[in-house]
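Just so it is clear: chains get the letters A, B, ... in the order the sequence lines come, proteins before strands, and each one is counted from 1. When reading the values below, keep in mind they use all heavy atoms of this one structure, side chains included, and skip hydrogens, waters and symmetry mates. As the structure is a prediction and not an experimental result, all values here were calculated from the model.
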Amino acid sequence: MIDIKFLRENPELMRVSQTGRGEDPGLVDLVINADEVRREAIVKFEALRAEQNVFSKSVGSAKGDEKTALLEEGKKLSLIVKQAEQLKTQAENSANELLLQLSNILDPSAPIGGEADFKVIENVGTPRDFSKDSFAPKDHVELGKLLGAIDTERGAKVSGARFYYLTGVGALLEFALVNYAISSAMKSGFIPVIPPVLVKPPAMEGTGFLGQAAENVFHLEEDDFYLVGTSEVPLAAFHMDEILNSEKLPLRYAGYSTCFRREAGSYGKDTRGIIRVHQFDKVEMFTFCKPEDAEAEHQRLLQWEKDFLNAMEIPFRVIDVASGDLGSSATRKFDCEAWIPTQNAYREVTSTSNCLEFQARRLNIRMKDGQNTKPVATLNGTLVAIPRMIVAILENHQNSDGTVNVPMALQPFLGMKRFELV
RNA sequence: GGUGGCGUGUCCGAGCGGCCGAAGGAGCGCGCCUCGAAAGCGCGUGUUGGGGAAACUCAACCGUGGGUUCAAAUCCCACCGCCACCGCCA
């Protein structure tokens with residue numbers, strides 16, 4: 001949520017930001033109008049209410065005929081106050097509804113444009129040249145079968161398209177990735193968390209996933225629960241309605257959870273394999289910090305993501321995501337894209353967003369900073385999203401016979417140096 | 001799922017329908033005392049919104065939402081959460 005006071009004073013900045021995202025700049029003026037209506041309604045109601053408060057007190061001490069007369073008048077006043085209160089509530093609700101529709105203000109350094117207008121920040125490592133090894137790389141589906149690691153056919157049989165089983169070394173690889181991720185996160189001061197994956201509407205709304213992202217969220221109609229698409233949701237909502245001690249910041253949490261995504265509108269995209277699935281596990285980093293520290297923290301999160309990919313010995317690049325492709329909560333976002341040999345392309349494997357105070361305002365998470373209470377900043381970043389990391393590892397570290405070398409960093413967690421054929 | 005109890009400020013814990021934003025205590029902050037500390041004493045200590053340059057002032061908030069009333073923390077209803085016991089189950 002945007003700070004209404006900031007918006008009142010900087011409407012032009014907000015219009016520019018909305019335009020940059022490809023969203024409606026006219027919304028800004030609707031919000032400003034609604035805010036004026038809201039404040040007028042408040043003034044009217046409060047004046048009447050104050051009058052009623054004074055009046056009510058005089059009733060108590062009166063008696064006899066005088067009291068009967070006062071009671072009559074009180075009834076009339078009561079009606080008027082009630083009407084004014086209703087108008088006030090309506091005005092507040094509609095102002096709030098509009099305000100919630102506004103996306104976060106863009107970071108001025110974020111590249112403007114659509115999905116394709118990202119800026120490459122750096123390339124790390126060099127894609128392996130398979131012609132030098134004189135064999136054509138197999139894709140992860142084929143490797144997964146040869147190793148007994150991934151079973152997409154049975155996944156489809158049991159749950160439908162975009163489901164899979166991780167079996168044998170596939171399952172072990174997930175455990176190793178998670179253990180490696182959590183143990184390195186703890187070294188950086190993260191608190192490990194296993195959060196709930198079913199959440200109630202306020203958590204989902206607060207994190208900003210019920211706007212344009214709503215179509216990708218699973219909803220349990222009967223119980224009004226949402227299945228989270230990322231543990232960002234329960235981690236952000238962890239401190240909902242709380243006031244944090246600013247001296248304890250930054251607070252860093254590493255959440256391990258299953259993630260559920262409907263993948264609506266991606267029919268025909270990545271239908272093969274486990275690049276795009278309805279359910280997967282992920283270790284997510286989440287930070288609560290002072291707004292003035294957010295930008296530096298964003299760089300730190302990015303660095304931890306890079307460290308992870310380097311430890312997996314995978315070539316990748318970092319992109320600065322363009323304005324039109326940011327989530328509504330993010331002011332800026334960096335993606336790490338791993339090299340996928342059989343696609344001859346870089347594909348997103350991790351992503352980190354700076355939401356500044358946007359989510360915190362919606363979730364009512366504040367900090368006590370000296371005399372003042374003000375919203376904190378929140379940031380999130382993927383440490384490892386299991387299926388995509390498995391794809392990257394299998395495809396990049398395969399040998400001509402279909403066996404796969406285990407990256408050094410994972411060997412202690414797996415107890416093996418190579419995945420063998422089954 | 002059934003029955004009973006409870007939900008008040010950072011925490012504990014009072015609260016005849018008006019004088020209750022709310023006693024008392026703990027904690028915290030400042031000061032006194034002390035060589036220093038503890039104890040003791042004194043003072044202070046919520047959030048949100050509106051108006052105001054500010055001092056300040058007004059309004060709202062006692063789980064949430066409705067209702068009754070001139071007036072609700074206090075009465076009524078619904079919902080949510082917590083605790084206890086019973087039933088069922090991992």
Margin query: Side chains of R49(A) and Q52(A) only: does a donor on one sit below 3.5 Å from an acceptor on the other?
Written below: yes

As its Watson-Crick or G-U partner within any shown strand, both distances under 3.5 Å, rG36(B) has none

K5(A) NZ to rU48(B) C1', in whole Å, measures 10 Å

Exercise. Please measure how far the C1' atom in rG9(B) lies from the corresponding atom in rG21(B), and state the result in whole Å.
Key: 9 Å

Separation of rG49(B) atom P from R361(A) atom CZ, nearest Å, is 11 Å

Inset, instruction - Would you tell me if any nitrogen or oxygen in the side chain of R39(A) comes within less than 4.0 Å of OP1 or OP2 on rG51(B)? - result: yes

Among the nucleotides rG50(B), rU68(B), rG18(B), whichever has the atom closest to the side chain of S56(A) is rG18(B)

Below 4.0 angstrom, N of the basic side chain to O of the carboxylate: do K88(A) and E46(A) qualify?
no

Report yes or no: is there a donor-acceptor pair, N or O only, under 3.5 Å between the side chain of E46(A) and the base of rG51(B)? no

Rounded to whole Å, the CD1-P distance (I42(A) to rG51(B)) equals 8 Å

Taking a pair to mean Watson-Crick or G-U wobble geometry with both distances below 3.5 Å, rA84(B) pairs with rU3(B)

For atom P, what is the distance between rC30(B) and rA37(B), given to the nearest Å? 12 Å

Rounded to whole Å, CZ of R38(A) lies from P of rG49(B) at a distance of 8 Å

Rounded to whole Å, CG of L87(A) lies from P of rA59(B) at a distance of 20 Å

Salt-bridge contact K282(A)-E284(A) (side-chain N to carboxylate O under 4.0 Å) = yes

Is R300(A) paired with E297(A) through a side-chain N to carboxylate O contact shorter than 4.0 Å?
yes

Q. Between Y253(A) and H239(A), do the side chains contain an N or O donor and an N or O acceptor separated by less than 3.5 Å?
A. yes

In whole angstroms, the gap separating P of rU47(B) from CE of M240(A) amounts to 21 Å

Report task. Provide the distance between the two P atoms, one in rG31(B) and one in rG24(B), to the nearest whole Å. Result -> 24 Å

Rounded to whole Å, CZ of F55(A) lies from P of rG18(B) at a distance of 18 Å

- Task: Give a yes/no on whether any side-chain N or O of K75(A) is located under 4.0 angstrom from OP1 or OP2 of rU68(B).
- Result: no

The Watson-Crick or G-U wobble partner of rG31(B), with both key distances under 3.5 Å, is rC41(B)

By nearest-nucleotide position on RNA chain B, the 5'-leaning member of R366(A) and Q86(A) is R366(A)

Note to self: Between rU74(B) and rG18(B), how far apart are the two P atoms, rounded to whole Å?
What the structure shows: 11 Å

- [ ] Could you measure between the two C1' atoms, the one in rC75(B) and the one in rG81(B), and give it in whole Å?
- [x] 23 Å

- Side-chain N,O (S78(A)) to OP1/OP2 (rU69(B)) below 4.0 Å: no

**Message:** Using a heavy-atom cut-off of 4.0 Å across all strands, would you classify Q52(A) as base, sugar-phosphate, or nothing?
**Reply:** sugar-phosphate

**Message:** Applying a 4.0 Å non-hydrogen cut-off, can you work out what L77(A) is touching in the nucleic acid: base, sugar-phosphate, or nothing?
**Reply:** nothing

Using the P atom on both, measure rU8(B) against rA73(B) and round to a whole Å. 15 Å

Closest to the side chain of A50(A), out of rU68(B), rC58(B), rG50(B), is rC58(B)

If the cut-off is 4.0 Å, is R49(A) near the phosphate of rA71(B), judged by side-chain N/O to OP1 or OP2? no

- Task: Verify the distance criterion only: is there a donor paired with an acceptor across the side chains of Q343(A) and E395(A) at less than 3.5 Å?
- Result: no

Exercise. Take atom P in rA23(B) and the same atom in rA78(B), then report the distance between them in whole Å.
Key: 32 Å

Taken to the nearest whole Å, CG/L48(A) to C1'/rG50(B) is 14 Å

rC16(B) -> Watson-Crick or G-U wobble partner, both distances under 3.5 Å, gives none

When both distances are under 3.5 Å in a Watson-Crick or G-U wobble arrangement, the nucleotide paired with rU74(B) is none

Closest non-hydrogen atoms of M186(A) and P192(A), given as atom of the first, atom of the second and distance, are SD-CG, 3.7 Å

#### Entry: Between rA84(B) and rC79(B) - P atom distance, rounded Å
23 Å

I want to check one thing: is the phosphate of rA71(B), taken as OP1 and OP2, less than 4.0 Å away from some side-chain N or O of N53(A)? no

Re rC89(B): Watson-Crick or G-U wobble partner, both distances kept under 3.5 Å, found to be none

